[in-house]
Structure formats: C-alpha cells, structure tokens
Amino acid sequence: MQVDQQLNRQALTNIRRITLGSIPASIVISLWLQPYVDTKLSMIAIATISISASGQFLGCGSFLRNESSMKLLLIHGLVAMSGTGWGLFALFGIPAAATDGGRMRIVVMVCGVLTTSVASSSASPTTFVVYVTPLMICLVVGLGLAGGDRYLFLGIIGFIVIIGESFRNGHVTTRSAVALQHQADDLAAQLADALRLTEHDSLHDPLTGAGNRRLFARLHGSEVDLADTSVICIDLDHFKQLNDQHGHRAGDELLVKATNRIRTLVRVDDKVIRTGGDEFVVILSSARDQAEPIAQRLVTQLAAPYELEVGTIAVSASVGLASGRNGETLEHLQHRADEALYQAKSSGRGVLVVGL
C-alpha cells in the first residue's frame, strides 16, 4: 500500500513539474500546422490543452498537500483531457496533411514523442493509460479519415506495443526501486530502534529501570547548570536484614516498588539512578525551596509498608539533600548530598538531613 501511494505521489510530482510546458508547446505546434489545420480547430486544441494543463498543475499541488481520492480522480480526468487535446492536432492535422506524406508522418511522430515524454516521466499506470488512450484513438481516426495508410497503421500498432512494453518495464523497475527504498527505510528504522534500546539498556538498571552508574558517570562528565539543581541521596534502612530474612527475591521486589514510589514523586525530566544495592540518587531540576518538600515526602512514602509476596514489609529510608551553588560541579554537589545522607543514618535513620 505504501509503495502504491509513493508511486502515485511520484507520478503527480512529475506531472506537476512538466505539465505547464505543454501550453507553449501546443502554441508552437499550432503555428507549425497552420497551413494544414483550420485556425479555429487549432484554438480548440490549444484551449483544451491549456485548461487541462492549468488544472493538472493546481490539482497535483493540492493533492500533494492533502491526498484525496476525489482529487486523484479529477487529475486523471484532466490528464485524459490533455491526451485528447494533443490527439486533436493529430485528428485535424493528418487528414489535412494527407497530400504530404512526410508531413503526416511528422505529425504522428510529434504525438508519439509527447506520449513518450509522459510515459517516461510518470510512475502511474493509470496516468499513462488515461493519457495515451484518447491520443491513440485520435491518431487512428485521423489516419482513417485521411484514407488509410497501412504502413502508418502498422507503425501505430508497433508504437503502441513498444511504448506499452517500455512503460511496463519502467514501471516494474520504478516499483521495485520504491519497494527497496521502503525496505531500506524500515531496516534503518529498526536498526535505529535497536541502537536506542541497546544504549538505553547499557545506561539503566535491568531490575528497576532506573539509571545506573554508567548514566551517573555520563552526567558527571556533562556540563550542567547547577543554579536550579538539587541532588537527593537515598538509602533504604536495614535492607540487608530483609534480604537475609526473606531472600533476594523479596529484596528485588521491594527495590522495584521503592523505585516506583520515587518516580511518582519527581518529574519526568528528573533523573532517578540506582547507584548500589539499596542506594539511589535523584537529580532534581529544582532549587532548595522546591526540592526539600519532595525529599521530605520521599522519607514518608518510602517508609509506608510494602505488600510483597512474603507478606507486608516496612522499611524506612534515610535521605540526604544538597542544592547547587554557583561554580559547583555535579560531583561536588553529590558529595555534599552523600555527607547529608551519612548524617541522616548517624542520627537514627528514617529522616531527612539537608546539607549546607
């Protein structure tokens, strides 16, 4: 389906690119045929081609901006009208020039060249058929009115076969190229997704989905404006005893639930990083007046009981907070938050200490 849509868009882009050139071409051919074709008949052909070309130019542009099946149907009608306009030159020119076999053959050749130009520039079989059909009908009828010429009849039949086969081969090639391009685009997108997933996995903890030490190290190495940045260090109290008593499965389950609680209290752009077994660092894009209430809620929420497979477990969390200063590095800010966490653990655990 995507290939067909791409072919349609390519065909209409080509039509829009060349269609207005048919107006001056029709005037030139009209002047060239003036000795053989009545002026009124030439004007009818020119008007038909000009109206069709203008409509195609506007219609193709509108379709490319906003695709619509009705617009596509209208454009195909205008293309058929253009083929009829060029066919009128042949219909009028061939009988009038019947006394000049050379000139008659030139008229047929000109129409053939015009048909070939459309065939080579359009990727749509429908566009090709609706253009060529009225032109060929006019060529055959004009030749019949001229009294018939078996060599020209054979030439027209051969021309139809050759141009049809050339277009078919060209269309198959174009379709294959577009299909290969779509496949290449899909593979490139899949590769990009795989690379993004690989990078994401390398920077995040597989258990909790939080950032890992590699992400933390990358943030340390980046230039960060710390004027409105705060770092919160978190340690789940007595986590080792929980693992020893209930097993690592219960410990892993608690870590996942604790991480989810942390995420609910911070913004999407804030970074939640697991730096150790039960240790977390949260980097907030907030100054101290906004970060301190968040840190206090973390103490409260992380101390609420957890419903695990082994039963209801309650653990507290010690939290240290430090807010950025002018000229300070993220590494130094984290060091101050670590010192505040150490004071929180030393003062009885389960509390918040704000670093100076």
(request) Verify salt bridge (Lys or Arg N to Asp or Glu O under 4.0 Å) between Glu328 and Arg336, making sure each step is shown before the conclusion. (result) CA-CA 11 Å; Glu328 188 175 29; Arg336 289 199 294 115; 2.8 Å; yes

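- Using a 4.5 Å heavy-atom cutoff, the side chains of Ser347 and Gln343 are not in contact.
- No cation-pi contact links Arg274 to Phe216, judged by a cut-off of 6.0 Å to the six-membered ring centre and 45° from its axis.
- A donor-acceptor pair shorter than 3.5 Å can be found between the side chains of Ser52 and Gln56.
- In this structure, the side chains of Thr84 and Leu135 stay at 4.5 Å or more apart for every pair of heavy atoms.
- Defined by atom type and a distance below 3.5 Å, a donor-acceptor pair is missing between the side-chain atoms of Ser285 and Asp269.
- Shown here are the salt bridge (Lys or Arg N to Asp or Glu O under 4.0 Å) partners of Glu292, two or more places apart in sequence or in another chain: Arg288.
- Remark: Val266 pairs with Asp270, Val272, Val282, Leu284, Ile294 by the side-chain contact (heavy atoms from CB on, under 4.5 Å) rule, at least two apart or across chains.
- With values rounded to the nearest 0.5 angstrom, Leu333 atom CG is found 7.5 Å from Ser323 atom OG.
- A donor atom on one side chain and an acceptor atom on the other are found under 3.5 Å apart for Glu339 and His335.
- Enclosure of atom CD in Glu331 is not indicated, since only 12 or fewer non-hydrogen atoms of other residues, nucleotides or ligands lie within 6.0 angstrom.
- Remark: Phe63 CZ to Leu72 CG distance equals 5.0 Å, nearest 0.5 Å.
- The distance from atom CD1 of Ile273 to atom CG of Leu203, rounded to the nearest 0.5 Å, is 10.0 Å.
- Asp235 and Ser318 form no side-chain donor-acceptor contact under 3.5 Å, judged by distance and modelled atom types alone.
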(message) Is there a side chain to side chain contact (heavy atoms under 4.5 Å, CB included) between Glu279 and Ile234? Walk through the geometry before answering.
(response) CA-CA 6 Å; Glu279 298 172 356; Ile234 304 168; over 6 Å; no

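- Val281 has its side chain out of reach of Ile232: every pair of non-hydrogen atoms, C-beta onward, lies at least 4.5 Å apart.
- A donor-acceptor contact shorter than 3.5 Å is absent between the side chain of Ser82 and the backbone of Ile49.
- For Tyr306, the OH atom sits in a packed shell: over 12 heavy atoms of surrounding residues, nucleotides or ligands are nearer than 6.0 Å.
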